[in-house]
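Shown next, in structure tokens, is the structure this report addresses.
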Amino acid sequence: MNSQLIIDKTSIDDKLCDAFKSSGLLNAEDILRVLSAIEETGISALTAVTRLGFCGEEMAYEIMSTVIDWPLVRNNAECPQSSDVIASAEQLELSIDWCIDQHIFPIMRDKYLAIYTDDPLARFPLSIIDSLQTAESKTPYLLTPAMAVTVIDGVGQERAVSELFGESRSDIGALAEEAPVINLVNSILERAIQADASDIHIEAGADSMAVRFRVDGRLNEFMQQPSSRFPAIASRIKLLSQLDIAEKRLPQDGRFSTRSGKREFDVRVSTAPDVYGESIVMRLLPRQREDLALESLGFEDDHLDLIRSWGKLNNGIVLVTGPTGSGKSTTLYSLLEEINTGEEKILTVEDPVEYQLDGVTQVQARDDIGYTFARALRTFLRQDPDVIMVGEIRDKETADIAVQSSLTGHLVLSTIHTNDACSVFPRLNDIGVEPYMVAATIQGVEAQRLLRKLCGACAKSVAPPSFLKKNDGKGDWQEAVGCPECHGKGYRGRVGVYELVSVTAELRDLIIKKAPLDELRDQARKDGSRSLMDGGLLKASKGITSVNEVLRACVVKESDT
């Protein structure tokens, strides 16, 4: 899109009044008051509507965005990076102070120029930008006044950081306590929360440091900073996490808490040495999770009934499997919330404890002091539990105690890393659990992936995929497009896709015989289980996700274990 930069005030005032009237926000009498204010004071219709109190600024700018066809920047995550604004102003030979005074913020990338402003009727400054011949295309973006203030604050903060690091300072610990560094780290956290990121990656490089956010399972670069700033930023994060700022040769783990508005987060920090210094990953864990309910996770009705029936068992093992970051812990926490009626003793051992649940005794495993999953499980058996959750079955000792716990009248929930549900059985054999013990104790296995959901504002209908049979192609098939609502990605948010396998008598026989994996999968299908691929295509047929996303996330090779 290359919208017109210079807008005629009179025609826009008329169109804006019509738009407010059509939306029902203003009646004929209100329009007369707005027009009178315009005539008497010379202000724009946009300013008049907000000053007269007919609607708030956000709604007024929303309507203005539609009238002038400029994308509206609604939150901090969509604001331009302050370092990019400063660099672009220098490249265009514009004074950054002039840009701030005029509320005009340019972003120059290759031959593409984006212009952010909260005053689309500022003819003089916009005409200067429009006269620049350095860009093949110029695209304007409309900032709300609040977002313009955010950009101005960010530019001021970036200039303060630049001045601080321009000084000759060798005490990294002291630098980490300076206000510009503190504000920069706080800004990174705030922008990550605004972007609904699950993780923040800060990576040192030879010349620059990259900050990337994981949003909907994909990493997106948020900013580049000079590599000279990395030690102070890393030290600031280590101070928050109560880690050793002098230790750069060994990995460290810590955590701290932060707040954004009314939302509180636990931030789990992991550092690891690399050739340029360290890699820092911060996982954002909201303390209050509204989605810790099985209904909100994307289970189909039959799967919801099945997993709830597993949660009501008095004994046995229920395993959740999938790769890292596929939502296994969230599923187990949701199941625990369902089970937790106050009439059961529920114990968990985790590394780390991600979410704190009322009425559940949660224990942090500590390998560094010898308090392992296995050791915690032995203690649990003397605590008269009804339900035990183990963060992960990763070795024979933990698996054996989990098996013994299930045989002595406890329901054991845990996770394990495999590609699909049936791969769990040979995986436990590989760990060292006897096949007959696996068959006797495992009650159900659930495998899962996370699929990106299509953006409801831009997804378009498509024909069913050609590889489906004619009768299987019915439904509302859609594909990703990309729009300002989803930042051009075509997807917003994620939903789970699941494979649930109940261990039937026939499947137990095959497990005991150590049957090949393909035979286990065939029997699971005969017993009514849907594969991850089938579950993903079912969601695609409902217009929730795209076929391409299903193929990306749900393909499991027959040889995978």
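If you're wondering where the values come from, they're calculated on a predicted model, not measured in any experiment. Counting begins at 1 with the first residue of the sequence.
- In this model, no donor atom of one side chain and acceptor atom of the other lie less than 3.5 Å apart for Thr66 and Glu62.
- The nearest pair of heavy atoms linking Ala480 to Leu454 is N-CD2, 3.5 Å.
- Defined by atom type and a distance below 3.5 Å, a donor-acceptor pair is present between the side-chain atoms of Asp266 and Ser257.
- Within the 4.5 Å cutoff, side-chain heavy atoms of Val555 are placed close to those of Met533.
- At distances below 3.5 Å, at least one donor-acceptor pair connects side-chain atoms of Ser227 with backbone N or O atoms of Asp207.
- In this structure a side-chain-to-backbone donor-acceptor pair under 3.5 Å is present from Lys328 to Gly322.
- Of all the heavy atoms in Arg552 and Leu450, the pair that sits closest is NH2-O, 4.1 Å.
- Distance CD1/Ile544 to CG/Leu538: 7.5 Å, rounded to 0.5 Å.
- Enclosure of atom CZ in Phe124 is not indicated, since only 12 or fewer non-hydrogen atoms of other residues, nucleotides or ligands lie within 6.0 angstrom.
- No side-chain heavy atom of Val497 sits less than 4.5 Å from a side-chain heavy atom of Thr545.
- Asp118 contributes no side-chain N or O that, together with a main-chain N or O of Thr144, makes up a donor-acceptor pair within less than 3.5 Å.
- To the nearest 0.5 Å, atom CE of residue Met223 and atom CD of residue Gln81 are 4.5 Å apart.
- His201 is not listed as a side-chain neighbour of Ile280, based on a closest heavy-atom distance of 4.5 Å or more.
- In this structure, the side chain of Ser334 engages the main chain of Thr330 through a donor-acceptor pair within 3.5 Å.
- In this structure, Ile202 and Ser279 have side chains that are not in contact, with every pair of non-hydrogen atoms separated by 4.5 Å or more.
- Nearest heavy-atom pair across Pro140 and Pro71 is O-CD, 3.5 Å.
- With hydrogens and angles disregarded, no donor-acceptor distance shorter than 3.5 Å links the side chain of Glu350 to the backbone of Gln362.
- Looking at heavy atoms from C-beta onward, Val215 lies out of side-chain contact with Phe222 at the 4.5 angstrom threshold.
- Donor-acceptor pairing under 3.5 Å is lacking for the side chains of Thr117 and Tyr141.
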Do Lys542 and Glu300 pass the salt bridge (Lys or Arg N to Asp or Glu O under 4.0 Å) test, and can you show the C-alpha distance, the side-chain angles, and the key distance before you say yes or no?
CA-CA 12 Å; Lys542 296 179 179 180; Glu300 301 297 332; 2.7 Å; yes
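- Residues Pro106 and Tyr116 have side chains not in contact (no heavy-atom distance under 4.5 Å, counting atoms from C-beta outward).
- Taking the side chain as every heavy atom from C-beta outward, Leu143 and Leu72 never approach each other to under 4.5 Å.
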Assess whether salt bridge (Lys or Arg N to Asp or Glu O under 4.0 Å) is satisfied between Lys453 and Glu549, documenting all intermediate values.
CA-CA 9 Å; Lys453 294 193 293 186; Glu549 178 67 4; over 6 Å; no
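- For the pair Asp476 (side chain) and Ser541 (backbone), a donor-acceptor distance under 3.5 Å is absent.
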Where do Leu16 and Met64 land on the side-chain contact (heavy atoms from CB on, under 4.5 Å) test, with the steps shown first?
CA-CA 7 Å; Leu16 196 57; Met64 184 66 163; 3.9 Å; yes
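- The aromatic ring centroids of Tyr498 and Phe299 lie less than 6.0 Å from each other.
- In this structure, CD1 in Ile200 is found 4.5 Å from CG in Leu284, a value given to the nearest 0.5 Å.
- Distance CD/Glu158 to CG/Asn183: 12.0 Å, rounded to 0.5 Å.
- Open room surrounds CE on Met59; 12 or fewer heavy atoms of other groups in view lie less than 6.0 Å from it.
- For the atom pair CD1 of Ile68 and CD1 of Ile12, the computed distance is 6.5 Å after rounding to the nearest 0.5 Å.
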Begin with the C-alpha distance, continue with both residues' side-chain angles, and end with the deciding distance and a verdict on side-chain hydrogen bond (donor to acceptor under 3.5 Å, both in side chains) for Ser546 and Tyr491.
CA-CA 9 Å; Ser546 68; Tyr491 298 92; 2.6 Å; yes
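- Taking a 6.0 Å sphere around CD of Gln242, one finds it holds 12 or fewer heavy atoms contributed by other residues, nucleotides or ligands.
- A donor-acceptor pair is defined here as one N or O able to donate and one able to accept, closer than 3.5 Å; no such pair exists between the side chain of Asn340 and the backbone of Leu336.
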Quick one: do Tyr333 and Val360 satisfy side-chain contact (heavy atoms from CB on, under 4.5 Å)? Show the steps, please.
CA-CA 10 Å; Tyr333 280 125; Val360 177; over 6 Å; no
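- A donor-acceptor pair under 3.5 Å is formed between the side chain of Ser88 and the backbone N or O of Met108.
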Would Arg308 and His303 satisfy side-chain contact (heavy atoms from CB on, under 4.5 Å), going step by step from the backbone distance to the final call?
CA-CA 8 Å; Arg308 280 175 168 156; His303 281 175; over 6 Å; no
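- Using modelled atom types, no side-chain atom of Ser260 and backbone atom of Glu190 make a donor-acceptor pair closer than 3.5 Å.
- Atom CG in Leu451 sits 9.5 Å away from atom CZ in Arg494 (nearest 0.5 Å).
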Does the pair Arg212 and Asp199 meet the rule for a salt bridge (Lys or Arg N to Asp or Glu O under 4.0 Å), with working shown?
CA-CA 8 Å; Arg212 299 192 290 170; Asp199 302 88; over 6 Å; no
Worked verdict on Asp18 versus Ile31 for side-chain contact (heavy atoms from CB on, under 4.5 Å):
CA-CA 9 Å; Asp18 290 341; Ile31 294 292; over 6 Å; no
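- The pair Arg159-Asp97 meets the salt-bridge criterion, with a side-chain N (NZ, NE, NH1 or NH2) lying under 4.0 Å from an Asp/Glu carboxylate O.
- Salt bridge annotation for Lys238-Glu278: present, with a cationic side-chain nitrogen under 4.0 angstrom from a carboxylate oxygen.
- The local environment of CD in Glu264 is crowded, with over 12 non-hydrogen atoms from other residues, nucleotides or ligands closer than 6.0 Å.
- Judged purely by atom type and a 3.5 angstrom limit, Ser241 uses its side chain to pair as donor or acceptor with the backbone of Ile237.
- Side-chain atoms of Gln224 and Ser208 include a donor-acceptor pair closer than 3.5 Å.
- Side chains of Arg191 and Phe213 form a contact here, defined as non-hydrogen atoms less than 4.5 Å apart.
- Between Asp216 and Arg452 there is no salt bridge, since none of the side-chain N atoms of the basic residue sits less than 4.0 Å from a carboxylate O of the acidic one.
- Residues Val155 and Ile100 come closest through the heavy atom pair CG1-CD1, 3.8 Å.
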